[in-house]
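Below is one structure, written out as structure tokens; comments come after it.
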Amino acid sequence: MLDTVKNIFLFKNMLAAAKYIGAGLACSGLIGAGAGIGLIFSALIASTARNPQIRGQLFGYAILGFALAEATGLFSLMIAFLLLYS
């Protein structure tokens, strides 16, 4: 009886630890999203400095790239929350 209780307790603790580790690994996708957003806007600044006449068109593309990069970060954050709270 006591061994069964110990095994159940150990299993619950291992499951909780695995959830935390998995959520932490899933949040590593946020690093890529942050780096991607930085690269997008640094390229926007460099491109605008080279050719200021197409600033409006470049800004539209930059906002689209920002949205896509941010979406990947939000997906990884969503996966982390699913791992933690399910």
Side-chain angles (χ1 to χ4, degrees):
M1 174 77 177
L2 189 58
D3 287 336
T4 306
V5 172
K6 282 184 181 180
N7 287 340
I8 291 172
F9 182 72
L10 182 64
F11 178 74
K12 286 183 180 181
N13 285 339
M14 287 178 60
L15 184 63
K19 282 184 176 185
Y20 290 132
I21 291 170
L25 289 174
C27 283
S28 66
L30 295 171
I31 296 169
I37 291 168
L39 286 174
I40 288 167
F41 284 109
S42 70
L44 173 68
I45 291 170
S47 301
T48 303
R50 286 180 152 210
N51 193 357
Q53 294 152 346
I54 58 170
R55 183 175 72 86
Q57 184 181 7
L58 290 175
F59 188 73
Y61 290 144
I63 292 299
L64 178 64
F66 167 76
L68 293 174
E70 188 68 24
T72 60
L74 290 176
F75 287 146
S76 67
L77 188 63
M78 180 185 66
I79 294 299
F81 283 144
L82 283 172
L83 286 173
L84 280 178
Y85 299 113
S86 64

L82-F75 co-clustered via ILVMFWY side chain contacts under 4.5 Å: yes

Distance (rounded to the nearest 0.5 Å) between L44 CG and L39 CG: 12.5 Å

Atom pair CG/OG1 of L30 and T72 - distance to nearest 0.5 Å: 8.5 Å

Where F66 and I40 come nearest, the two heavy atoms and their spacing: N-CD1, 3.7 Å

Inter-residue atom distance Y61.OH - L64.CG, 0.5 Å rounding: 9.0 Å

N/O donor-acceptor pair under 3.5 Å between T48 side chain and I45 backbone: no

Donor-acceptor contact present, side-chain S28 to main-chain L25, <3.5 Å: yes

Chi angles and distances behind the side chain to side chain contact (heavy atoms under 4.5 Å, CB included) call for F59, I63: CA-CA 6 Å; F59 188 73; I63 292 299; 3.7 Å; yes

Minimum heavy-atom distance C27-L77, with the two atoms named: SG-CD1, 4.2 Å

Approximate separation, where rounding is to 0.5 Å, of L15 CG and K19 NZ: 5.5 Å

L83 versus A23, closest heavy-atom pair with distance: CD1-N, 3.9 Å

Contact summary for G73 and A33, nearest pair of heavy atoms: CA-CB, 3.7 Å

CZ/F41: more than 12 non-hydrogen atoms of other groups inside 6.0 Å: yes

Distance (rounded to the nearest 0.5 Å) between Q53 CD and L58 CG: 11.0 Å

